[in-house]
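These notes are about the structure you will find just below.
Any value given below was found using the heavy atoms of this structure, including those in side chains, with hydrogens, waters and symmetry copies removed.
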Amino acid sequence: MKRDDLLAGCLLALVGIGVVIGAFRLHTGTPLHPQPGLFPLFGGGALTILAVILLVQAALGRSTGSEAFGKLGPPAIMVVGMGVYVAVLEPVGYVPATMLISAVILRVLGVRSWRTLSLTSLFLSFGTYLLFARVLGIDLPAGIVGFLG
Amino acid sequence: MDALANLGHGFGIALTPWNLFYAFIGAMIGTAIGVLPGLGTPTTIALLLPVTYKMEATSAVIMLAGIFYGAMYGGSTTSILMNIPGEAASIVTCLDGYKMARQGRAGPALGISAMGSFIAGTLSVVGMTVIAPTLASFALQFGPAEYASLVFLGLMMAVYLSEGSVVKGLTMAALGIVLGTVGIDPVFGAPRFTFGLNRLMDGLDFVVAAMGLFGIAEILTNLEAPEVREIYKTSLRGLLPNREDWRRSWAAVLRGSGLGFFVGVLPGGGAIISSFVAYAVEKRFSKHPEQFGQGAIEGVAAPESANNAASTSSFIPLLTLGIPGNASIAMIFVALMIHGIQPGPLLFQQHPNLFWGVIASMYIGNLMLLGLNLPLIGMWVRLLTVPYHYLAVVIVIICVIGAYSINNAAFDVGLMMAFGVIGYFLRKAKFPPAPLVLAMILGRILERSFMQSLQVSAADLSIFIEKPIAATLLLVTAFVMLTPAVRWLWNRRHAEAQPA
């Protein structure tokens with residue numbers, strides 16, 4: 001849909017303008033006597049110009065358009081679930097937090113059996129913790145399962 | 001002769017038990033992720049980076065390289081049996097591979113795909129053995145001006161060769177450059193766009209960005225409309241192509257190998273584009289182009305050979321010039337940096353064990369992959385029966401572990417998620433994500449080289465014109481950038497000239 005390209009063009013133009021303003025605040029200097037803001041100014045300027053070209057293309061009906069959205073509920077639930085996951089990961093630890101997000105994803109993807117949900121979540125969270133933290137030595141927050149060593 | 005002696009030395013390194021083990025693990029994981037749709041090579045390499053922290057650098061790159069070229073072998077299995085590409089580079093294989101499966105010839109399709117991949121992969125490593133040292137020696141003449149010009153060319157090629165609209169690709173590159181400026185400025189030491197957050201002082205991590213843009217975005221897209229997988233049940237006996245199959249395929253394999261090698265060396269080129277080019281060329285050369293899309297074995301042999309040759313040759317710009325040409329190679333670039341190794345022309349001299357060890361391991365890896373993909377085909381097919389919901393959870397979990405382990409901080413997991421959401425909307429709006437990740441890396445190199453050029457030339461921009469190599473590279477860049485505009489003008493004039 002061309003309307004989505006218009007929206008994307010507007011958003012990207014805003015980001016570009018924001019970067020240009022930020023670059024001037026950092027002081028840009030000149031190409032011959034550059035300052036920290038010079039390179040962001042190039043990037044932000046290019047982004048703004050390209051976003052405007054995209055807007056013009058969309059307005060003229062010459063942009064490539066976008067794909068139609070399907071059901072937005074499942075991805076939205078996962079995003080919210082991941083937000084909660086990030087918040088609780090360090091306080092409660094990897095295993096309980098991962099059990100929770102695994103159960104959410106499985107449920108969203110259509111797993112109805114509570115037995116499958118709970119057993120799979122438990123197996124995956126404990127299994128990956130033991131593999132990555134214990135065998136491969138990667139630091140993961142132990143949290144309330146610190147007794148595992 | 002030097003190259004042969006060095007290669008012999010490389011085999012001495014690659015054939016040590018641990019390096020053989022890592023090459024095997026890389027080949028196994030590569031085949032598995034190639035077979036499974038949804039988990040691409042950049043994400044897999046990104047999320048395995050933490051595992052390599054404690055490994056020796058050569059072993060780490062041997063394993064990660066194995067994953068990259070191994071995925072090309074596995075990708076065709078899913079294309080042939082399910083009509084879904086396991087890897088983006090196997091999209092075109094669906095056209096004739098799946099038709100062959102429906103005609104009861106899945107065996108020869110899988111067989112020619114694996115053997116073509118082996119021949120192409122091996123020929124490409126031979127080409128790399130010959131070309132890489134010469135190119136590295138030539139690149140030693142590069143100063144900052146030449147390097148800045150080369151990086152700029154690489155970035156523009158990455159955009160030009162990416163899928164979809166050039167304007168959208170360029171927009172992504174500009175956004176990547178902007179995101180790459182977050183953090184402490186490499187020249188002046190001033191914090192930029194950190195919003196007072198200490199966590200952003202080191203900049204936005206490419207690995208976190210790649211896992212979000214490729215891994216999480218893929219899951220979000222699939223959650224919206226879960227894909228229906230159906231394996232075409234057919235006999236997998238008779239995997240060896242017969243004499244007639246070989247008669248029709250050998251030239252396609254050789255042409256695919258040559259084309260793939262050439263396209264892979266180009267910055268921005270790689271396995272995906274090479275497979276499309278090889279298919280188009282093969283159809284053009286064929287005496288029976290009408291059979292393409294109806295189960296022509298050449299339509300499987302050419303793209304599968306090309307994507308393997310390209311995946312191998314795309315290591316050349318990384319190892320000799322220090323320029324990652326695609327997202328997967330960019331992750332291997334990050335792996336080298338994590339181990340304190342600067343990829344580039346000096347790699348050949350400063351780290352010969354790594355340089356030649358990795359090249360030698362590719363000969364061995366290709367042999368392992370042939371063994372893994374033909375006799376064990378039944379095992380890989382069974383992997384496809386794993387329900388998607390299990391796979392999705394595993395992908396999310398390993399992305400979380402990968403992101404968390406970079407700085408041991410949940411902040412990075414949140415950042416990865418944010419990139420995932422951005423990646424999801426970018427996919428929907430048909431913005432290619434690869435130029436964004438590449439520009440985050442190349443933008444930083446470009447800024448440093450550009451500033452160094454100004455220091456060397458006492459702030460005289462004419463250094464970019466006076467240095468012949470830099471001027472030539474910029475000229476090629478201008479050509480690449482202007483080509484779409486010229487083509488558009490040409491088409492418009494041509495359309496106007498047509499009678500209504």
Side-chain angles (χ1 to χ4, degrees), chain A residues 4-5 8 12 15-16 19 22 26 31-37 39-40 42-44 46-47 50-51 53-54 57 63-67 69-72 74-75 78-79 82-83 85-87 89-90 94 98 101-102 105-106 108-111 120-121 124-125 128 132 136-141, chain B residues 50-51 53-54 164-165 167-168 170-171 173-175 177-178 180-181 185 187-190 192-193 216 219-221 223-226 388-390 392-394 396-398 400-401 404-405 408-411 413-414 417 420-421 424-425 427-431 443 446-447 450-451 454 459-461:
Chain A
D4 293 341
D5 278 339
L12 289 165
V15 173
V19 172
L26 284 165
L32 303 183
H33 300 286
Q35 291 293 308
F39 206 71
F42 290 159
L47 183 60
L50 287 160
I53 294 173
L54 193 64
Q57 280 188 338
S63 61
T64 51
S66 61
E67 282 176 21
F69 284 91
K71 285 191 286 183
L72 285 175
M78 179 173 154
V79 172
M82 283 301 291
Y85 181 81
V86 172
L89 179 61
E90 283 169 338
Y94 171 81
T98 304
I101 193 69
S102 303
I105 298 169
L106 288 168
V108 165
L109 279 165
V111 177
T120 309
S121 309
L124 285 174
S125 50
T128 50
F132 285 94
L136 297 172
I138 291 171
D139 279 330
L140 290 172
Chain B
V51 176
Y53 291 168
K54 292 177 183 170
S165 149
V167 174
K168 287 186 173 178
L170 281 169
T171 311
L175 185 62
I177 286 177
V178 166
T181 63
D185 162 30
V187 181
F188 301 96
R192 299 188 296 201
F193 307 114
I216 300 294
I219 300 286
L220 290 174
T221 312
L223 282 175
E224 182 194 87
Y388 180 72
H389 48 260
Y390 293 126
V393 176
V394 170
V396 171
I397 289 176
I398 42 190
V400 164
I401 294 171
Y404 182 85
S405 59
N408 291 340
F411 177 83
V413 181
M417 207 50 216
V421 174
Y424 167 73
F425 284 109
R427 275 168 186 240
K428 286 288 161 189
K430 296 185 183 171
F431 284 91
L446 180 61
E447 179 176 15
F450 179 72
M451 295 300 181
L454 292 183
D460 185 359
L461 282 173

Other residues, nucleotides and ligands only: do more than 12 of their heavy atoms fall within 6.0 Å of CZ on Phe425(B)? no

By a 4.5 Å heavy-atom criterion (distance strictly below it), what part of Leu170(B) contacts chain A: side chain, backbone, both, or neither? both

The interface call for Val396(B) against chain A, heavy-atom contacts under 4.5 Å, is side chain

Segment of Val19(A) engaging chain B (4.5 angstrom heavy-atom cut-off): both

Leu109(A) side, atom CG; Tyr388(B) side, atom OH - distance, nearest 0.5 Å: 7.0 Å

With respect to chain A, which residue among Leu454(B), Asn408(B), Asp185(B) yields the maximal number of heavy-atom pairs within a distance under 4.5 Å? Asn408(B)

What residue in Thr98(A), Ile101(A), Val108(A), Leu140(A) has the most heavy-atom pairs under 4.5 Å with chain B? Leu140(A)

Distance-minimising heavy-atom pair for Phe193(B) and Pro40(A): CE1-CB, 3.6 Å

Side-chain touch Val79(A)/Tyr424(B), heavy atoms, less than 4.5 angstrom: no

Heavy-atom distance under 4.5 Å between the side chains of Ile401(B) and Tyr94(A), does that happen here? yes

With a 4.5 angstrom heavy-atom cut-off, is it the side chain or the backbone of Leu47(A) that approaches chain B, or both, or neither? both

Could you tell me the separation between the OG1 atom of Thr128(A) and the CD1 atom of Ile397(B), rounded to the nearest 0.5 Å? 4.5 Å

Here the pair of heavy atoms bringing Met417(B) nearest to Met82(A) is SD-CG, 3.2 Å

Phe39(A) side chain near Leu446(B) side chain, heavy-atom distance below 4.5 Å: yes

Tell me whether Asp5(A) is salt-bridged to Lys430(B), with the criterion being a basic N under 4.0 Å from an acidic carboxylate O. no

What one should report as the nearest heavy-atom pair of Gly44(A) and Val178(B) is N-CG2, 3.6 Å

Between CD1 on residue Ile138(A) and OH on residue Tyr404(B), distance to nearest 0.5 Å: 12.0 Å

Can you tell me which portion of Ala46(A) sits under 4.5 Å from chain B's heavy atoms? Options are side chain, backbone, both or neither. both

Ranked by heavy-atom pairs below 4.5 Å to chain B, first place among Val15(A), Leu50(A), Leu72(A), Val111(A) goes to Leu50(A)

Do the non-hydrogen side-chain atoms of Phe431(B) and Leu12(A) ever get within less than 4.5 Å of each other? yes

What part of Phe69(A) lies closer than 4.5 angstrom to a heavy atom of chain B: side chain, backbone, both or neither? both

Hey, what do you get for OG1 (Thr171(B)) to CD1 (Ile53(A)), rounding to the nearest 0.5 Å? 8.0 Å

Looking at side-chain heavy atoms only, is the closest gap between Thr120(A) and His389(B) below 4.5 Å? no

Any donor-acceptor N/O pair, Glu90(A) side chain to Ala410(B) backbone, under 3.5 Å: yes

Exam field: side chain Arg192(B) to backbone Pro36(A), donor-acceptor pair closer than 3.5 Å: yes

If I take atom CG from residue Leu223(B) and atom CD1 from residue Ile105(A), how far apart are they, to the nearest 0.5 angstrom? 7.0 Å

With a 4.5 Å cut-off on heavy-atom pairs, point out which of Pro75(A), Gly83(A), Gly22(A) contacts chain B the most. Pro75(A)

With rounding to the nearest 0.5 angstrom, report the CE to CG distance, Met78(A) to Leu220(B). 5.0 Å

